[in-house]
Q: 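My questions will all concern the structure given below.
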Amino acid sequence: MDKIQINGSRKLQGEVRISGAKNAALPLIASGILVKGTTVFTNVPRLMDITSIRNLLEDLGAKCSFEDNVFTVDGSGIHKIEAEYDLVRKMRASILVLGPLTARFGHAKVSMPGGCAIGARPVNMHLSGLEALGAKITIDHGYIEAKARRLVGNEIYFDIPTVTGTENLMMAAALAKGRSVLRNAAREPEIICLADALNKMGGKVSGAGTPIIEIEGVDSLEPAEVRVIPDRIETGTFMVAAAATGGDVTIKDCNPEHIGGIISKLKDTGAEVILQEKGVRVKGGPRINSVDIKTLPYPGFPTDMQAQFMAMATIAEGNSIIHESIFENRFIHANELLRMGADIKISNGNYAMVRGVEKLQGAPVMASDLRASASLVIAGLIAKGTTLISRVYHMDRGYEAIEEKFSCLGADIQRIE
Ligand code: EPU
C-alpha cells in the first residue's frame, strides 16, 4: 500500500490550480441515469471515487468514458436497477443512484450504505423523501428497494439539511409528476451545480442555494454538457497549508464566493487573504493566532475543513476550541496529531481543545478518512523532520494529484509504493 513521506518545515510558495469538486461531480454523474442519451461533464477530477461511481453506472448498463477530465454517461442502455453491495461498500455516495433509478425506472434496489469512520451516517431522510414522492420502500437483507409506478411531486421537509439527501430528492423529483417543494434543503454550492445541470437537461428546478427548492417534474430529460464547479475543500486545504507553513500561495481556478467561512477563520489566524476574480492568494503571518471553530451546514464552516484547521491550530499561539456538530466521530486525526507532539483534549465526543505547541515533530501516522489524511499532510508540512503517512488510499478518493501539487509549491513530499 502506498505511503506519503514528507520532510517538513518548508514554506509553501507559488501557484496551484484547483480541480473540479468531487462532491459536485458525483451527483452530476448519477444524474446521467435520468437521461436517455449521452451527457457530458467537464472538469471532472481523476479520483478513486469517480472510478467507483463509473464502475457502478457501468454495472447498471450505462456506457461511460473518462478522458482529459471529461466524463460522459450514456444512460440509454441501463437495464439493471440493482446497485450491488460490492460496488456500494466502496463509496457511500453510491446512494445517489437511488433517486434517479426510481424516477426513471420506477424501481431501484440499492445496497444500504453502512456507517463509516466519521459517523453512523444514516439515510433515513433519503428514504422518507422518496416515500413522500409515492415510492414504496422496503429494506430486506441489506438492500433498500424503492418501487413506484411514477413518482408524484409532494412537499418534503428535512429534519436537518442533508447534502446527498437533497441531491437524491432533487433528481427524483425532476422526473416526478407535478410539483415538489424541498424544505430545509441543503444550500451547498454542489446543490446549485446539480440544479443548473438538471435545468440544462430540461428540468425545472428553482431556489437551489436557499432552504426551499421547488421542482416542477417533467416527462423526460435531455442530454446536456455541464462543467463541474471548483473544489472548495481542496481550495481550503491549500489555503490552510499556505498559512500554516507561513508561505505565500496563489490558488487559481477556484471560486472565492464558495469559501467565505474558510476565509473568515483564516483571517482570524492572522493570515493575509487576497481575493482575485477566480483565485485567492494566502500569505501566512509571522505567527498563527488560535481560532475557535464550529462546523455547520453551508454557508457555515464546513466539516470537511475541520481536520485541516485542527492541524494548523496545533502550532497556534493560545488555545483553540473546535466543535464538530455534523458528524459524531470526526476527530480520529486528533490521535495521530498527538503522536506528532500536538496537545489536544477531546471532551463530550465532539469538542476538541487544542493548545498550541511551538513545533510538531514528524512521525509515522495513519490516515483514517479523506479529510483526516489532508490534516496529516498539513501536519507533516509544518513538522520538524520526516512524517510517513500510511493508508493514503483515503486521500486518493478525494484529492487529485496532491503530492504533485504540493511539490510544485516547494514541499518535500513523495509517494512511496
Ligand atoms: N443525516 C441523517 N439522515 C439522513 C442523512 C443525513 O441523520 O438521511 C445526518 C448525517 O448523519 C449527518 C448530517 O445529517 O449528521 C449531514 O449529513 P449529510 O447527509 O449532509 O452528509 P452526506 O450527504 O452524506 C456530504 C459530503 C460529505 C460532507 C457532508 C457534510 C458528498 C458525496 N459527501 O455527505 O463529504 O462531509 O455532506 O457536508 O457530498 C468528504 O468529502 O470528505 C465528505 C465526507
Side-chain angles (χ1 to χ4, degrees), residues 19-31 45 47-50 52-53 56 88 90-99 110 112-132 137 139 144 156-171 182 184-194 211 228-229 231-237 258 261-262 295-308 324-330 332-333 349-350 367-375 393-400:
S19 301
K22 163 181 89 77
N23 289 347
L26 292 172
L28 288 184
I29 292 170
S31 76
L47 300 170
M48 271 312 296
D49 275 10
I50 300 297
S52 298
I53 194 133
L56 175 50
V88 174
K90 298 205 170 106
M91 185 184 65
R92 302 191 81 267
S94 305
I95 189 72
L96 285 166
V97 303
L98 180 65
V110 177
M112 179 92 145
C116 79
I118 63 177
R121 305 185 73 180
V123 291
N124 58 305
M125 291 188 282
H126 301 233
L127 305 189
S128 55
L130 275 177
E131 273 175 337
I137 305 280
I139 297 173
I144 302 162
I156 294 169
Y157 175 79
F158 295 107
D159 290 339
I160 40 176
T162 157
V163 177
T164 49
T166 302
E167 291 162 349
N168 234 338
L169 289 156
M170 282 164 71
M171 292 188 277
L182 311 187
N184 200 22
R187 289 182 276 167
E188 273 69 3
E190 292 75 19
I191 304 278
I192 302 177
C193 184
L194 176 62
V228 175
I229 56 170
D231 196 314
R232 64 196 165 93
I233 306 302
E234 189 197 11
T235 306
T237 302
H258 294 168
I262 301 168
T295 64
L296 286 168
Y298 190 86
F301 184 89
T303 170
D304 290 343
M305 282 302 302
Q306 176 261 107
Q308 299 88 318
E324 171 58 59
S325 85
I326 307 289
F327 292 113
E328 63 273 24
N329 196 27
R330 214 174 193 182
I332 307 178
H333 46 279
N350 56 359
S368 54
D369 67 79
L370 172 56
R371 308 305 170 188
S373 60
S375 154
Y393 53 83
H394 288 295
M395 198 163 66
D396 297 335
R397 290 190 42 204
Y399 285 95
E400 187 176 46

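Quantities reported herein were computed from a predicted structural model and do not represent experimental measurements. Each ligand, and each atom within it, is numbered from 1 in the order the structure gives.
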Q: At what distance is the nearest protein heavy atom to atom 10 (C) of ligand 1, and which residue and atom is it?
A: F327 CE2, 4.2 Å

Q: To which of G398, A93, G165, P122 does the heavy atom nearest atom 6 (C) of ligand 1 belong?
A: P122

Q: First locate atom CD1 of I332, then atom CZ of R371, and finally report the distance between them rounded to the nearest 0.5 Å.
A: 15.0 Å

Q: Measure the spacing between CG of L370 and CD1 of I118 and express it to the nearest 0.5 Å.
A: 9.0 Å

Q: T303 heavy atoms, cut-off 4.0 Å: which ligand 1 atoms fall inside?
A: 30 (C), 36 (O), 38 (O)

Q: Let me see the working for Y298 and R232 under side chain to side chain donor-acceptor pair (under 3.5 Å), right down to the final yes or no.
A: CA-CA 12 Å; Y298 190 86; R232 64 196 165 93; over 6 Å; no

Q: Using a 4.0 Å cutoff against the non-hydrogen atoms of T164, which atoms of ligand 1 qualify?
A: 22 (P), 23 (O), 24 (O), 31 (C), 32 (C), 39 (O)

Q: Quick one: pull up CG in D396 and CG in D49 and give me the separation to the nearest 0.5 Å.
A: 10.5 Å

Q: Nearest non-hydrogen atom to atom 14 (O) of ligand 1 belongs to which of I160, V163, D304?
A: I160

Q: How many angstroms lie between atom CD of Q308 and atom OG1 of T237, to the nearest 0.5 angstrom?
A: 4.0 Å

Q: Taking the non-hydrogen atoms of M91, is any one of them nearer than 4.0 angstrom to ligand 1?
A: no

Q: For K22, is there an ion pair with E400 - N to carboxylate O distance below 4.0 angstrom?
A: no

Q: Any N or O of E188 that comes nearer than 3.5 Å to an N or O of ligand 1?
A: no

Q: Hey, are H394 and D369 close enough side-chain-wise for a donor-acceptor pair under 3.5 Å?
A: no

Q: Does one side chain, of E324 or T295, offer a donor that lies under 3.5 Å from an acceptor on the other?
A: yes

Q: Quick one: pull up CG in D231 and NE2 in H258 and give me the separation to the nearest 0.5 Å.
A: 11.5 Å

Q: Which ligand 1 atoms are under 4.0 Å away from a heavy-atom of H126?
A: 8 (O)

Q: Any salt bridge between D304 and R330, counting N to O under 4.0 Å?
A: yes

Q: Using the side chain to side chain contact (heavy atoms under 4.5 Å, CB included) rule, pick out the option among I156, T166, T162, T164 that qualifies with M125.
A: T162

Q: Starting from atom 42 (O) of ligand 1, locate the nearest protein heavy atom and write down its residue, its atom name and how far away it is, to 0.1 Å.
A: R371 NE, 3.0 Å

Q: Quick check on R397 - does any of its heavy atoms sit under 4.0 Å from an atom of ligand 1?
A: no

Q: With atoms numbered from 1 as shown, which atoms in ligand 1 lie under 4.0 angstrom from a non-hydrogen atom of R330?
A: 36 (O), 42 (O), 44 (C)

Q: At what distance is the nearest protein heavy atom to atom 3 (N) of ligand 1, and which residue and atom is it?
A: N124 OD1, 2.7 Å

Q: When you compare ligand 1 with T162, is there at least one nitrogen or oxygen pair between them that comes in under 3.5 angstrom?
A: yes

Q: Quick one: which ligand 1 atoms are inside 4.0 Å of a heavy atom on L370?
A: 41 (O), 42 (O)

Q: Do you know which two heavy atoms are closest between L194 and P27, and how far apart they sit?
A: CD1-O, 4.1 Å

Q: Can you find an N/O atom of M125 closer than 3.5 Å to an N/O atom of ligand 1?
A: yes

Q: Go through ligand 1 atom by atom and flag the ones less than 4.0 Å from a non-hydrogen atom of K22.
A: 40 (C), 41 (O)

Q: Among protein heavy atoms, which lies nearest atom 34 (O) of ligand 1, and at what distance?
A: R121 NH2, 3.2 Å

Q: Among all protein heavy atoms, pick out the one at the shortest distance from atom 26 (C) of ligand 1; state its residue, atom name and that distance to 0.1 Å.
A: N23 ND2, 3.6 Å

Q: Identify which of I95, N168, I326, D49 has a heavy atom lying nearest to atom 16 (C) of ligand 1.
A: I326

Q: Closer than 4.0 Å to some heavy atom of V123 - which atoms of ligand 1 meet that?
A: 4 (C), 8 (O)

